[in-house]
Colleague: 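One structure, pasted below without further comment.
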Amino acid sequence: MRITLVSPKGPLYRRSGIFRQSLRYMPLTLPTLAALVPGDLGASVTCIDEGIVDVDVADIDADLVGMTVITGTAPRAYKLAGALRARGVTVVLGGPHVTLVPEDAAPHADAIVVGYAEDTWPQLLREFSRGDLKPRYDQADDLDLASRPLPDRSVLPRWRYLTQHVFEATRNCVHACEFCVAPSAWGRRPLQKPVEDVVADLRATKARRAVFVDLNLIADRAYALRLFRALVPLGISWYGLATVRVAEDVELLDALEESGCRGLLLGLESIVSANLASVRKDFNRPESFARVIDTLHARRISVQGCFVFGLDEDTGDVCERTARMAVDIGIDLPRFAIATPFPGTPLYARLSAEGRILTRDWEQYDGQHVVFQPARMSPDELQEATGAAWRYAYSWRSIARRLRRTAAPLHVAAVTNLGYRHYAHNLSRFYTCDWAEAADPFRGLAPRPRRQARARARR
Ligand code: B12
Ligand code: SF4
């Protein structure tokens, strides 16, 4: 059996990278799925990450193609699926978008996989090899991540990435923020790999620096403490995601620092308390953001602080105020997204019920396009103000101010800031989707002409 696994390209990374090299780390999804292919099937597995190389459908020589789909890549995935199925290739779709809205994906595939695929993917392949493929495979509620095969990172060319040392210890998040896909897609039950499996993976790859893609590494405090303590003997530096709650917990902070944590991505989301309450994230308190940054800096941990604009309490000036605050309090790398009601989330359901969804063109659901009617400003105002926030935060002056306070080694902070500056000042290029022109079967409403024209003018 010949299997090809594809991660279709999204709007981001279309033209990514400074120095003509992809500035991203190796995705973990394809290596994880490749490792789950049962050995006794004697299958050959080819992986294509469209973030680094385009798929040419004519070149795919496979009996079965599996594609991983997030909302922004769904139109591209569906287009590839159509072309492959027309050639008689069996197509399987899985991933966050398929899990959130299976009914959207199902017409484009011979089979869909809903939820995590540790058990269903091997089952699907066995049934396919017997000529007994079912149209849908669902994750069981009692899925367990213990003793799973380690991801096979050799299936992707490691030299095309900043690092291949990407790991996960846990899945899911205990919180239920209105805009987040995680609770809707996978529920709130924390799933954890045994700490010794994580350590075995780190040792097998001989990683010196590691990136953890877990949504919230501190979701289960006891597990987090065990994991951090187990990392100490490895002597690695690592980067991951957590919530601001980490800064309130001295024991956790001690373990974090000792374990080699050198950077955390925090979803700060908003400087408007009423927004945080309305999206069920009021454990974030804007008045304590400065203290959180100082606490982590004191432990030599740098912070990527992520904000989202366009929540219902936001007015036109919020983007500028947020960007100024991010620079003032010394967030090492501030990031700004436009609120995105991913289908399948409570936010999508609410805005849909209120008649505020402006487009169901999934390609625009990339966190940098306005796809709904904001409550207190126009879509164009929100779009422009978000761009301005990025440009302010990555102006030379703002970079210089933040570099003075950074917790990262100066050369690392300088290079990452330069990368983000390039991104911040070229957003329209990074998020242009010209490959999908006229190809999207889900183009519900035409993209707003003004924005398209602006993007074309900048190209
Ligand atoms: C790491 C990560 C990234 C990395 C790398 C992305 C990559 N290609 O791997 C970076 C930073 C580059 C990134 C970028 C973005 N990301 Co991202 N990312 C993640 C994150 C944190 C982890 C993904 C991961 O590696 N998980 C580990 C693997 C093993 O799990 P998995 O992918 O879910 O796969 C399992 C199952 O889903 C299933 N499965 C998945 N695909 C398939 C396919 C088949 C055939 C089968 C059988 C099974 C299957 O089997 C796997 C094993 O169980 C997730 C959050 C999350 N926890 O999922 C967000 C997430 C996927 N990202 C998201 C978003 C929105 C983005 C961006 C648009 C953000 C932005 N504006 O920049 C961009 C888009 C990039 C693009 N393609 O254009 C959203 C997607 C939401 C949605 N509905 O679309 C998520 C869910 C985060 C969130 N909470 O909102 N991302
Ligand atoms: S804390 Fe973060 S990962 Fe958890 S539900 Fe909220 S936004 Fe999602």
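Just so you know, ligand 1 is whichever comes first in the structure, and atom 1 is the first atom listed for that ligand.
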Colleague: With heavy atoms of Gly66 as the reference, note each atom of ligand 1 found under 4.0 Å away.
Modeller: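 Atoms satisfying the 4.0 Å criterion: 45 (C).
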Colleague: Any idea which atoms of ligand 1 are less than 4.0 Å away from a heavy-atom of Leu100?
Modeller: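 Close to Leu100: 83 (N).
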Colleague: Please confirm whether Glu118 comes under 4.0 Å of ligand 1, counting heavy atoms of the residue only.
Modeller: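 A heavy atom of Glu118 does come that close to ligand 1.
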Colleague: Tyr394 and Tyr420: aromatic ring centres closer than 6.0 Å?
Modeller: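 Distance test on ring centres: under 6.0 Å, yes.
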Colleague: Count the heavy atoms belonging to other residues, nucleotides or ligands that lie under 6.0 Å from CG of Asp56, then report whether that count exceeds 12.
Modeller: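 Yes, enclosed.
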Colleague: Would you check whether Tyr137 reaches within less than 4.0 Å of ligand 1, judged by its heavy atoms?
Modeller: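 Under 4.0 Å: no for Tyr137.
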Colleague: Side chain or backbone of Ile70 under 4.0 Å from ligand 1, or both, or neither, by non-hydrogen atoms?
Modeller: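 Both backbone and side chain of Ile70 come within 4.0 Å of ligand 1.
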Colleague: Suppose we measure from atom 2 (Fe) of ligand 2 to each protein heavy atom; which comes out shortest, and what is that distance?
Modeller: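 Nearest neighbour among protein heavy atoms for atom 2 (Fe) of ligand 2, to 0.1 Å: Lys281 NZ, 3.6 Å.
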Colleague: Got a second to check how far Tyr223's OH is from Lys193's NZ, nearest 0.5 Å?
Modeller: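 Reported value, rounded in 0.5 Å steps: 8.5 Å.
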Colleague: Report, as yes or no, whether the 6.0 Å neighbourhood of atom CZ on Arg189 holds more than 12 heavy atoms from other residues, nucleotides or ligands.
Modeller: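 For Arg189, atom CZ is crowded (more than 12 foreign heavy atoms under 6.0 Å).
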Colleague: Using heavy atoms and a 4.0 Å limit, tell me yes or no: is Met26 in contact with ligand 1?
Modeller: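 Outside the 4.0 Å threshold, so no.
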Colleague: Taking a cutoff of less than 4.0 Å between a non-hydrogen atom of the residue and any ligand atom, is His97 in contact with ligand 1?
Modeller: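 It does not; every heavy atom stays at 4.0 Å or beyond.
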Colleague: Could you go through Glu363 and Arg76, starting from their C-alpha distance and side-chain angles, then the distance that decides it, and tell me whether this counts as salt bridge (Lys or Arg N to Asp or Glu O under 4.0 Å)?
Modeller: CA-CA 8 Å; Glu363 199 182 289; Arg76 172 70 176 168; over 6 Å; no
Colleague: List every atom of ligand 1 that sits less than 4.0 Å from any heavy atom of Gly95, numbering the atoms from 1 in the order shown and giving each element.
Modeller: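 This gives 37 (O), 39 (N), 40 (C), 41 (N), 42 (C), 49 (C) as the contact atoms.
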Colleague: Look at the N, O or S atoms of Cys177, main chain and side chain alike, and state whether any lies under 2.8 Å from atom 6 (Fe) of ligand 2.
Modeller: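 Yes, Cys177 qualifies, because one of its backbone or side-chain N, O or S atoms lies under 2.8 Å.
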Colleague: Cys173 heavy atoms, cut-off 4.0 Å: which ligand 2 atoms fall inside?
Modeller: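 So the answer, numbered in order with elements, is 1 (S), 3 (S), 4 (Fe), 5 (S).
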Colleague: Numbering the atoms of ligand 1 from 1, which are under 4.0 Å from a heavy atom of Tyr25?
Modeller: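 Every atom of ligand 1 under 4.0 Å from some heavy atom of Tyr25: 1 (C), 4 (C), 11 (C).
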Colleague: Taking 4.0 angstrom as the limit and counting only heavy atoms of Thr29, give me the atoms of ligand 1 inside it, by number and element.
Modeller: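 So the atoms of ligand 1 that pass are 25 (O), 28 (C), 31 (P), 32 (O), 34 (O), 40 (C), 41 (N).
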Colleague: If you take all heavy atoms of Val37 and Ala43, which pair is closest and at what distance?
Modeller: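 Reported closest heavy-atom pair: CG1-CB, 4.0 Å.
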Colleague: Does CZ belonging to Arg291 count more than 12 external heavy atoms closer than 6.0 Å?
Modeller: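 No.
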Colleague: At under 4.0 Å between heavy atoms, is it the side chain or the backbone of Asp49 that contacts ligand 1, or both, or neither?
Modeller: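 Asp49 to ligand 1: no contact under 4.0 Å from either part.
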Colleague: Would Arg262 and Tyr239 count as a cation-pi pair here, with the cationic atom under 6.0 angstrom from the ring centre and within 45° of the axis?
Modeller: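 No, Arg262 does not sit over the ring of Tyr239.
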Colleague: Suppose I only count heavy atoms of Asp366 and a 4.0 Å limit; which atoms of ligand 1 are within that range?
Modeller: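 Answer, ordered by atom number: 68 (C), 70 (C), 71 (N).
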Colleague: Which option, Phe167, Phe342, Trp186, owns the non-hydrogen atom nearest atom 65 (C) of ligand 1?
Modeller: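 Among Phe167, Phe342, Trp186, the closest heavy atom to atom 65 (C) of ligand 1 comes from Phe342.
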Colleague: Is the contact between Trp121 and ligand 1 made by the side chain, the backbone, both, or neither, using heavy atoms and a 4.0 Å cut-off?
Modeller: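 Within the 4.0 Å criterion, Trp121 contacts ligand 1 through side-chain atoms alone.
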Colleague: His97 pairs by side chain to side chain contact (heavy atoms under 4.5 Å, CB included) with which of Asp104, Val181, Thr68, Thr73?
Modeller: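 So the option named by the test is Asp104.
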Colleague: From the options Cys306, Cys180, Pro183, Ala219, select the one whose nearest heavy atom is closest to atom 8 (Fe) of ligand 2.
Modeller: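 When every heavy atom of Cys306, Cys180, Pro183, Ala219 is considered, Cys180 comes closest to atom 8 (Fe) of ligand 2.
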Colleague: Geometry only, no angles: is Thr68 polar-contacting ligand 1 at N/O separations under 3.5 Å?
Modeller: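 Between Thr68 and ligand 1 (N or O atoms, distance only) the closest approach is under 3.5 Å.
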Colleague: Looking at the rings of Tyr78 and Trp362, which for Trp means the six-membered one, are their centres under 6.0 Å apart?
Modeller: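 No, ring centres 6.0 Å or more apart.
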Colleague: When you compare ligand 1 with Thr71, is there at least one nitrogen or oxygen pair between them that comes in under 3.5 angstrom?
Modeller: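 The answer is yes, given that Thr71 and ligand 1 share an N or O pair closer than 3.5 Å.
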Colleague: Between Tyr116 and Arg171, is there a cation-pi geometry (under 6.0 Å to ring centre, at most 45° from the normal)?
Modeller: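 Here Arg171 passes the 6.0 Å and 45° test against Tyr116.
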Colleague: Below 4.5 Å, heavy atoms only, C-beta onward: do Val244 and Ser288 meet side chain to side chain?
Modeller: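 Val244 does not reach Ser288 side chain to side chain.
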Colleague: Please report the closest heavy-atom contact between Tyr348 and Pro341, naming both atoms and the distance.
Modeller: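 Minimum heavy-atom separation between Tyr348 and Pro341: CD1-O, 3.1 Å.
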Colleague: Just how far is it from atom CG of Asp214 to atom CD of Glu168, taken to the nearest 0.5 Å?
Modeller: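 If I round to the nearest 0.5 Å, the distance is 6.5 Å.
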Colleague: Relative to atom 22 (C) of ligand 1, which among Leu191, Val101, Val213, Leu145 owns the nearest non-hydrogen atom?
Modeller: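 It is Val213 that holds the nearest heavy atom.
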Colleague: Of all the atoms in ligand 1, which lie at a distance below 4.0 Å from a heavy atom belonging to Arg24?
Modeller: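 Here the atoms of ligand 1 in question are 6 (C), 7 (C), 8 (N).
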Colleague: Would you kindly specify which portion of Arg171 sits under 4.0 Å from ligand 1, judged on non-hydrogen atoms: side chain, backbone, both or neither?
Modeller: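 Side chain only.
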Colleague: Find all atoms of ligand 1 within a distance of less than 4.0 Å from any non-hydrogen atom belonging to Val113, and give their numbers and elements.
Modeller: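 Listed by number with element: 47 (C).
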Colleague: Based purely on interatomic distance, does Ala117 place a nitrogen or oxygen under 3.5 Å from a nitrogen or oxygen of ligand 1?
Modeller: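 Yes - when backbone and side-chain N and O of Ala117 are compared with those of ligand 1, one distance drops under 3.5 Å.
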Colleague: Heavy-atom count around Arg350 CZ within 6.0 Å, excluding the residue itself: above 12?
Modeller: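 Yes - once you tally the heavy atoms of other residues, nucleotides and ligands closer than 6.0 Å, there are more than 12.
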Colleague: Tell me, please: is Tyr365 in heavy-atom contact with ligand 1, that is, under 4.0 Å?
Modeller: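 No; Tyr365 lies far enough from ligand 1 that no heavy-atom distance drops under 4.0 Å.
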